[in-house]
Novice: 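First the structure, which I've put down as structure tokens, then a few questions once you've had a look.
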Amino acid sequence: MNIDTQLLHEKTTGPRQSRLRTEAVNLYYGTFQALRNISLEIPERAITAIIGPSGCGKSSLLRLFNRMNDLITGARVVGLVELDGINIYDDSVDVVELRKRVGMVFQKPNPFPMSVFENVAFGPRRHGRHKLGELEDIVTRSLQQAALWDEAKDKLGQSALALSGGQQQRLCIARVLAVEPEVILMDEPCSALDPVATLRIEELMRDLARDYTIVIVTHNMQQAARVSDMAAFLMMETDKAGTLVEYGPTSEIFTNPRDKRTEDYITGRFG
Amino acid sequence: MLNKGGTLVTNNDRAAAGPAPGGLGRRWRPREKLIEGWIVLAGLLTIVVLLGIIALLMKEGLPIFLHTPPWEFFFGAKWYPVSEPPTFGIMPFFVATFWVTLVATAISVPVGVACAAYLAEVAPARVRETVKPVIEILAGIPSVVMGFIGLMLLSPLVQSLFHLNTGLSGLTAGIMLSLMSLPIIISVSEDALRALPDDFRQAAYALGATRWETIWHISIPGSLSGITAAVMLGVGRAIGETMTVLMVAGGALAVPIAPTDPMMPMTAAIASGIGNAVRGGFQYQALFAIGLSLFVITLAVNLVADRVLERQKRKFAR
């Protein structure tokens with residue numbers, strides 16, 4: 001699974017459409033403001049990393065894009081979050097349809113307590129695919145895409161919980177891919193994994209970035225530097241969580257940050 | 001335990017060697033010993049009482065099979081304890097218990113689980129915090145009061161709705177029993193649903209599942225062991241409940257064909273018969289044998305539920 005640098009290069013120089021963007025977004029949990037005036041354009045078919053210290057609002061920002069914050073009572077969004085030019089917080093937007101197009105992988109691998117097959121087939125089944133042959137095709141393809149097929153093809157009927165942590169996380173990625181999303185959100189997908197499993201997920205992410213728009217939250221600076229094309233640095237100032245300090249190509253953020261605070265954070269002076 | 005040289009040191013050796021130096025010697029802690037002893041005693045007491053109950057039921061009940069062979073006892077349809085000669089066939093009671101429990105379960109399980117799912121997954125916190133204690137209070141209504149309610153309110157309704165000669169029927173009893181097992185089923189299922197880690201729900205929602213799909217395909221299967229326990233507790237109450245069925249089931253001695261027939265479940269048969277039975281007589285023995293059968297039924301129900309759960313767990317969990 002080599003990273004196709006040629007393709008990457010072409011992609012970075014070619015025209016990029018912006019699928020996801022936010023404009024002056026503020027997020028409140030009750031009276032607590034978790035995000036402040038965030039404006040971002042997330043490039044298509046690339047990996048955008050959201051970095052920053054704990055509690056700065058990284059996950060909140062990520063969960064803005066598939067409206068997972070809706071599940072929290074008292075969460076309120078002010079501002080614009082667009083997917084292909086449509087404000088996803090508009091009343092006319094169906095959350096179920098949105099989440100079909102914007103999938104999510106969580107911090108802790110959370111496969112359902114079902115068989116490997118049923119885990120991957122869960123999404124397609126919910127969206128009206130019931131024919132077994134069709135589901136088998138989807139499961140096979142998704143597991144192959146998630147680089148889990150070789151390890152899991154003989155375990156399709158076994159409990160997903162019997163897989164290793166890294167395999168479980170790839171299964172969760174396959175489960176998302178089975179729904180055929182356009183955007184994949186990843187909330188610290190490797191923080192519960194060992195270095196080898198982490199590397200495999202990172203390789204997988206690079207592969208997937210050819211076809212999908214990926215947004216990843218990570219604590220790990222090296223990871224952000226390794227995998228992402230764009231990076232957004234969020235910070236938490238004294239009672240001011242969720243301030244976007246800097247956003248730009250990862251190479252610039254890491255080698256030539258414009259803001260002193262970014263530099264301090266990346267070089268490990270705080271955080 | 002091994003000492004420095006690697007040889008086995010028993011407690012006796014150590015006692016003989018005297019306290020270890022440096023204040024590390026074993027101390028005699030009477031409070032610990034006392035509490036430990038008390039816990040063991042309490043555990044033993046439960047087992048002894050349970051075994052005692054079984055022994056009593058068997059001692060008093062089994063001799064009836066010297067008079068009436070088991071085949072006639074269990075499958076006989078005639079219960080004439082005071083005829084000469086008396087016949088003891090418990091089929092009418094057995095079938096009555098079956099109908100009443102079936103009606104109660106058919107109502108209380110779907111309604112109870114749905115209500116639990118509403119409270120755990122849908123209701124805002126404030127609703128849940130008001131409704132749940134109220135439901136738990138319902139569980140404390142004495143069964144004789146439930147019997148009254150069945151007698152005064154429900155039985156006329158059942159009578160006119162199904163055009164029956166009497167509203168006192170297995171159906172009426174079953175409905176009342178379902179109301180009595182509902183609080184247990186709701187309360188225990190709700191606890192089980194809320195104990196399920198939120199990760200699963202989040203994953204389902206993130207895959208575009210609706211709330212209903214998440215409840216039906218993730219939350220309920222995920223907490224099935226707790227829900228099954230809740231159902232068993234509820235069904236157990238329905239099978240064992242006596243006063244309410246005695247009051248509203250109708251008390252007929254014929255084998256009930258339909259749930260709308262008047263009938264006498266096993267518990268009611270024991271309660272109504274024991275007052276007239278001569279101690280040690282055939283009727284007395286027969287009633288104890290019914291009690292023993294009830295005990296075996298509930299035990300079997302529990303064992304089956306255990307097996308089902310075990311299989312379910314093996315299928316999914318590691």
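Since the model is a prediction, treat every value here as computed from it, not as a measurement. Lettering of chains follows the sequences in order, A, B, ..., and the numbering in each one begins at 1.
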Novice: Under a 4.0 Å N-O cut-off, is there an ion pair linking A/Arg170 with A/Glu151?
Specialist: yes
Novice: Heavy-atom distance under 4.5 Å to chain A: side chain of B/Ala125, backbone, both or neither?
Specialist: neither
Novice: Under 3.5 Å, which donor-acceptor pairs do the side chains of residues 131-141 of chain B form with other protein atoms, sequence neighbours left out?
Specialist:
residue	atom	partner	partner atom	Å
B/Lys132	NZ	B/Glu190	OE1	2.9
B/Lys132	NZ	B/Asp191	OD1	2.6
B/Glu136	OE2	B/Ser187	OG	2.7

Novice: What part of A/Val176 is in contact with chain B, defined as an atom under 4.5 angstrom from a non-hydrogen atom: side chain, backbone, both or neither?
Specialist: both
Novice: Can you tell whether the side chains of A/Asp187 and A/Arg63 come within less than 4.0 Å, N to carboxylate O?
Specialist: yes
Novice: Which of residues 117-125 of chain A get closer than 4.5 angstrom to chain B, counting heavy atoms alone?
Specialist: A/Phe122
Novice: Say whether B/Ser219 and B/Glu121, considering side chains only, have a donor N or O and an acceptor N or O under 3.5 Å apart.
Specialist: yes
Novice: Can you tell me which portion of A/Pro181 sits under 4.5 Å from chain B's heavy atoms? Options are side chain, backbone, both or neither.
Specialist: neither
Novice: Charged N to carboxylate O under 4.0 angstrom, A/Lys100 versus A/Glu97?
Specialist: yes
Novice: For the pair A/Lys131 and A/Glu136, find out whether any cationic side-chain nitrogen is under 4.0 Å from an anionic carboxylate oxygen.
Specialist: no
Novice: Using distance alone, with no hydrogens and no angle criterion, decide if B/Thr210 and B/Tyr205 have a side-chain donor and acceptor under 3.5 Å apart.
Specialist: no
Novice: Below 4.5 Å from any heavy atom of chain B, which atoms of A/Val105 appear? Answer side chain, backbone, both or neither.
Specialist: neither
Novice: Would you check if there is a donor-acceptor pair between the side chains of A/Asn110 and A/Arg175 at a distance under 3.5 Å?
Specialist: yes
